[in-house]
Amino acid sequence: MASISKEYRTVTQIAGPLMFVEGVEGVTYGELADIKLQNGSLRRGRVLEINGDKAMVQVFEGTSGLSPQDVKVKFLAKGMELGVSLDMLGRVFDGSGRPIDDGPSIIPEKYLNVNGNPVNPYVRDYPNEFIQTGISTIDLLNTLVRGQKLPLFSGSGLPHSRLAAQIARQATVLKTGEKFAVVFAAIGITFEEAEFFVADFRRTGAIERSVVFINLADDPPIERIALPRMALTAAEYLAFEKGMHVLVIMTDLTNYCEALREISAARREVPGRRGYPGYLYTDLATLYERAGRIKGKTGSITQIPVLTMPEDDKTHPVPDLTGYITEGQIIINRGLNARGIYPPVDVLPSLSRLKDKGIGAGKTREDHADVMNQLYSAYARGKNAKELAVVLGESALSDADILFVKFADAFEDKFVRQGEDENRTIEESLSIGWDLLAMIPRNELKRIRDAFIEKYYPKK
Amino acid sequence: MNENRGEVVKVSGPLVIARGLTGARMFEMVRVGEANLFGEIIEIKGNDYSIQVYEETEGIGPGQPVIRTGEPLSVELGPGLIKSIYDGVQRPLDALARDFGEYIVRGAERPALDRSKKWNFIPVAKVGDRVEQGDILGTVQESALVVHKIMMPPGKSGIIKKIETVTGNVDTEVAVIEGQEGIFGITMVQRWPVRESRPVKRKVMPTEPMITGQRVIDMLFPIAKGGTACVPGPFGSGKTVVQHQLAKWADAQIVIYVGCGERGNEMTDVLMEFPHLKDPASGEPLMERTVLVANTSNMPVAAREASVFTGIAIAEYFRDMGYSVALMADSTSRWAEAMREISGRLEEMPGEEGYPAYLGSRIANFYERAGSVICLGSDDRSGAITVIGAVSPPGGDFSEPVVQATLRVVKVFWGLDDKLAFSRHFPAVNWLTSYSLYQDMVDECSDCKFDAQWSINRKRAMDILQRESELEELVRLVGIDALPHEDRLLMQAAKMIREDFLHQNAFDERDACTSLDKQFSLLKLILHYFDKVNSSYSDGATLESLTSNDVLNDIARAKLISEEALDQFEALEQKITNTICAITW
Ligand SMILES: Nc1ncnc2c1ncn2[C@@H]1O[C@H](COP(=O)(O)OP(=O)(O)OP(=O)(O)O)[C@@H](O)[C@H]1O
Ligand SMILES: [Mg+2]
């Protein structure tokens with residue numbers, strides 16, 4: 001990397017977010033570049049390909065306004081780094097890691113490459129500690145554990161931001177001796193959405209324990225590729241070097257994928273489904289797999305990525321490939337939302353794959369698994385009966401079915417629905433669950449052990 | 001100019017192009033750049049050598065050195081493989097963690113077989129014996145479950161000049177052989193190029209089922225030892241759980257589990273669980289027969305491409321000892337995607353969905369390395385590799401290229417269904433679309449070795465399920481009440497087969513693994529019930545009393561009857577007979 005001081009004025013081609021510089025020497029793959037415009041302003045780039053003396057550079061701020069004649073390019077002999085320090089807590093940064101609040105600049109303790117290195121699978125520790133989010137549909141039915149990656153699959157116009165903010169607010173309640181932090185990555189969302197989070201963090205004081213990275217809808221799209229990596233680098237520093245339990249909220253991953261698609265198209269790569277690059281799975285995995293726990297370390301990284309499914313289609317590449325990497329998914333439902341139920345979590349297709357590791361005696365409560373299975377199956381039966389009634393008419397329903405239909409309605413109204421500031425303990429969620437199950441005759445509660453029925457079935 | 005040294009000219013992600021490597025061969029390993037990264041030559045065009053690099057290439061640029069190693073990508077084979085966890089190019093992840101910390105750093109390297117471990121070699125051959133390739137020279141007790149056979153490497157033969165009991169690490173010489181090309185020593189370790197299959201005397205047809213303890217598999221869609229199967233399904237449909245279940249409970253002597261481009265936590269799960277689970281046959285921990293290859297989704301893609309070959313080469317080595325080996329690859333789609341990515345960077349002409357045109361032949365090649373064989377060596381021992389690959393089709397669409405290419409070569413198809421998974425029917429194997437081409441062989445085998453009723457019962461169960469699916473259409477239109485009574489009884493039997501037999505909870509220790517005895521009894525019980533209610537109905541019992549009574553609960557719980565108390569099934573059968581008779585009278 002001998003190129004450190006040399007400035008090149010040999011840009012030969014600009015195409016989309018890409019710029020080609022010729023006659024370069026000593027440039028390496030992944031290296032950062034400073035791009036100086038005639039008016040003195042500076043942009044950042046990264047080498048995507050180097051072929052002999054030709055470098056292909058991706059320009060984070062975009063290439064609009066650039067002309068081959070008036071840019072000077074300097075290669076920096078290093079990859080993209082983030083200066084980290086505990087002072088990042090409480091601060092807001094842009095997609096290049098520069099502070100954008102009014103605070104002082106950060107004096108980094110050290111610089112870390114934002115791409116990180118893959119965690120050796122041998123040192124991972126299995127996520128198994130219950131996180132109480134205060135939300136019944138999550139805590140009781142789709143339990144989140146520390147170190148898990150559990151995305152929200154949503155659609156445009158649905159209240160995923162409110163839910164994500166509520167989780168961030170409630171999941172990080174301080175227990176003695178534990179240190180929490182929230183890392184929030186806003187990827188191409190609107191000012192209002194981003195402001196909603198930041199204002200919420202300020203209102204509740206959570207901002208003190210938060211690091212916020214923001215790229216808004218009108219900010220350069222290519223910056224969105226680096227932003228989650230910045231956020232995760234900060235998270236790894238806080239979790240594995242400073243022993244904190246870090247909750248990372250990233251929204252909206254669909255915007256991230258679109259930025260990748262833009263680069264891929266500019267490079268004329270062979271497109272995969274819907275024009276997304278064939279390596280989308282691998283690329284997303286390098287983000288999501290940065291969640292987890294490491295043996296011998298106190299901290300952890302729990303991820304809640306949020307994504308909006310185009311046309312609410314779960315088979316769209318973004319939710320599809322996400323589902324193939326994450327450990328379950330929470331699905332936000334348009335129908336429930338339309339009926340005024342908040343949070344509109346669609347319980348049946350949602351799943352936390354790690355739930356079994358985090359529940360039961362000593363973690364939540366002994367009857368948790370049984371109540372969960374019973375609620376799930378009773379709700380599923382009620383919904384089925386409802387569908388049947390639509391096709392064949394109410395009269396086709398047996399008395400038992402009618403009971404389950406009633407149960408399903410009550411379940412949505414009392415269990416799924418809760419206030420935006422309502423922080424239910426797991427005991428409260430369990431007790432709402434039991435109250436609902438009391439609608440069903442005892443002999444129909446086949447999934448609950450008799451001993452638990454004796455102990456917990458509500459006495460009238 | 002040094003012949004063994006070239007220079008980088010181009011870097012694009014995991015692909016590096018170098019010049020000046022004249023004489024280098026396809027698939028030769030090279031070291032790339034100042035960071036000394038591992039790579040493999042995958043294309044030669046004139047003076048340009050395309051190299052896929054197994055580590056992140058940031059910081060590599062034109063002018064940096066590329067050094068030949070003269071050897072193709074190879075695995076080290078010898079005692080110490082069992083209980084190991086390797087990355088896709090056989091770097092030992094435990095040693096890397098110990099010496100380099102929790103992240104996998106570039107250029108990190110440790111020998112695949114730990115040189116500080118001592119093994120005790122006990123000869124079985126003696127001085128003066130004439131030994132051929134594949135002949136067993138001696139054994140090493142590698143783990144509680146595995147006796148490692150030290151074999152004459154392929155292509156070597158001669159007269160034993162010296163052989164004795166020794167203790168030492170894998171590099172220790174255990175025998176001296178006088179062959180045609182002179183005198184040479186044999187150590188406990190061999191190297192083998194992963195992309196080449198190890199030679200065998202001949203392949204033979206599989207003749208024995210591999211028992212998995214999974215009811216839907218053993219009873220409806222069995223796999224043979226030496227056979228091939230695929231498990232395609234959308235995300236969350238249970239591919240990994242099926243693979244883990246097989247790795248745990250299949251009656252294989254050696255298990256190779258390849259985590260290919262999947263989650264890190266799933267490997268942790270195996271690492272934490274297997275040392276505590278007991279092999280049902282021997283009572284020893286399952287880890288004592290297991291080798292893990294873990295190249296998770298966030299690890300470099302080129303090493304992911306190599307990981308399935310690393311896995312199968314290790315499998316072949318144990319097969320050559322005369323073992324029955326099972327290899328699980330989760331997921332072959334990620335392997336295919338790695339090929340696609342490299343192919344794209346090579347600017348090859350893309351085939352379907354951007355996959356290289358050779359996708360089908362690579363997949364076929366991989367599965368062809370499975371099989372039942374007569375091993376090299378004069379004792380004509382037999383060995384087998386059973387391969388089970390998970391496939392992860394985008395959007396759960398089975399018409400995509402990887403599923404289709406796989407179906408052309410594998411003999412067993414366990415199609416996972418999102419609707420079943422969605423209704424929490426696990427394993428979500430769709431009984432209407434799945435198939436096993438080993439069915440006839442297994443039927444014959446089970447009927448004569450196990451119980452003459454085996455195949456009859458299986459066929460009846462399948463017929464009932466088929467018929468149910470036809471009736472379901474009808475029920476959707478007209479409601480269940482409109483069905484004739486015999487059909488309603490059949491619908492009930494089908495439901496019992498689904499819920500009380502096929503449904504199997506992997507996380508309930510009483511249910512996770514079911515012996516053939518119990519599988520047979522359980523299905524027999526359900527069919528017995530079906531027969532009884534059918535005849536009672538013709539004797540005048542009411543439908544109501546036949547479709548809701550006490551024994552139904554007993555049958556539903558029968559899958560939890562302990563393996564030690566299988567005589568309860570007879571009692572239960574009697575109870576069914578009595579109860580149903582009582583209803584009729
Ligand atoms: N036999 C089973 N018994 C009980 N639960 C099961 C079973 N099989 C699957 N599951 C449930 O389904 C979830 C998903 O299964 P699994 O991880 O095997 O899916 P997958 O097909 O491998 O998904 P992906 O493609 O995303 O890796 C599990 O976490 C578990 O909750
Ligand atoms: Mg899986």
Side-chain angles (χ1 to χ4, degrees), chain A residues 1 25-31 48-53 79 113 115-127 147 240 269-273 278-279 281-282 285-286 289-290 292 294-295 297 315 317 320-321 323-325 327-329 348-349 351 353-354 356 376-377 380 391-392 396, chain B residues 9-13 17 56-64 85 93-94 96-97 100-106 234-236 259 261 263-265 267-269 271-272 294 296-301 334 337-338 340-341 344 350 353-354 392 394-397 422-424 476 478-479 481 507 556:
Chain A
M1 302 192 189
E25 251 175 71
V27 171
T28 65
Y29 176 74
E31 188 172 346
L48 279 191
E49 186 173 300
I50 170 84
N51 188 358
D53 67 349
N113 188 307
N115 291 321
N117 277 317
V119 173
N120 185 331
Y122 185 75
V123 305
R124 281 188 186 267
D125 209 353
Y126 210 80
F240 302 130
E269 290 171 333
V270 182
R273 296 213 163 185
Y279 48 79
Y281 170 86
T282 301
T286 60
E289 278 287 314
R290 288 172 83 171
I294 290 179
K295 277 184 214 149
K297 305 251 175 187
T315 65
D320 187 48
L321 295 179
Y324 270 122
I325 306 164
E327 288 141 342
Q329 66 282 334
L348 297 181
L351 172 69
R353 299 205 199 170
L354 304 184
D356 304 299
Y376 184 92
S377 96
V391 185
L392 299 171
Chain B
V9 293
K10 175 178 173 183
V11 187
S12 170
I17 295 180
E56 169 59 45
T57 52
E58 189 167 302
I60 304 293
Q64 293 189 16
I85 174 165
L93 291 170
D94 50 348
L96 294 192
F100 299 93
E102 53 265 20
Y103 294 99
I104 300 179
V105 294
R106 299 193 305 168
F235 70 77
R263 302 171 183 82
N265 280 335
M267 298 315 293
T268 313
D269 201 15
L271 278 173
M272 309 240 266
T296 56
S297 55
N298 54 337
M299 287 159 75
V301 287
R334 307 306 167 213
E337 284 165 11
R340 173 169 70 184
E341 178 164 356
E353 296 202 12
S392 317
D397 170 10
F422 183 84
S423 62
R424 314 260 151 132
R476 228 169 279 133
V478 297
D481 292 334
F507 304 112

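Chain letters run A, B, ... following the sequence lines, proteins first and then strands; every chain starts at 1. Being a predicted model, the structure only gives us computed values, none of them experimental.
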Would you check if [X] and [Y] make a side-chain contact, meaning some heavy-atom pair closer than 4.5 Å?
X	Y	answer
A:N117	B:I104	no
B:P234	A:D320	no
A:L351	B:R424	yes
A:V119	B:Y103	yes
A:T282	B:R334	no

What are the two closest non-hydrogen atoms of [X] and [Y], and how far apart are they?
X	Y	result
B:P350	A:V270	CG-CG2, 3.9 Å
B:N265	A:R124	OD1-CD, 3.7 Å
B:A97	A:V123	CB-CG1, 3.5 Å
B:E58	A:G79	OE2-CA, 3.3 Å
B:G261	A:Y281	O-OH, 2.5 Å
A:E49	B:S12	OE1-OG, 3.3 Å

Problem set entry | Results of salt bridge (charged side-chain N to carboxylate O under 4.0 Å, His left out) for B:E102 - residues two or more places apart only | A:K297
Seminar exercise, completed: Residue set satisfying salt bridge (charged side-chain N to carboxylate O under 4.0 Å, His left out) with A:R273, at least two apart, ordered chain then number -> B:E353, B:D397
Among [options], residue most engaged with chain B (heavy-atom pairs, under 4.5 Å):
options	result
A:T286, A:N113, A:I294, A:I50	A:I50
A:T315, A:V391, A:L354	A:T315
A:A285, A:G52, A:P118, A:G30	A:P118
A:P127, A:P271, A:P317, A:G147	A:P127

With chain A as the partner, which of [options] has the greatest number of non-hydrogen pairs under 4.5 Å?
options	result
B:T57, B:I17, B:D269	B:D269
B:G236, B:P300, B:G101, B:S392	B:S392
B:A294, B:P394, B:A556	B:P394

Problem set entry | Spatial distance of atom OH (A:Y29) from atom CD1 (B:I60) [nearest 0.5 Å] | 11.5 Å
Exercise. Atom OG of B:S297 and atom CG of A:L321: how far apart are they, to the nearest 0.5 Å?
Worked result: 11.5 Å
Exercise. Do B:E56 and A:N115 have side-chain atoms, one donor and one acceptor, less than 3.5 Å apart?
Worked result: no
Please flag which part of [X] lies under 4.5 Å from any non-hydrogen atom of chain A: side chain, backbone, both or neither.
X	value
B:M299	both
B:T296	side chain
B:I85	side chain

For this session: Answer yes or no: is there a donor N or O on one side and an acceptor on the other, between the side chain of B:R263 and the main chain of A:I325, under 3.5 Å?
Result: yes
Exercise. Heavy-atom count around A:Y324 OH within 6.0 Å, excluding the residue itself: above 12?
Worked result: yes
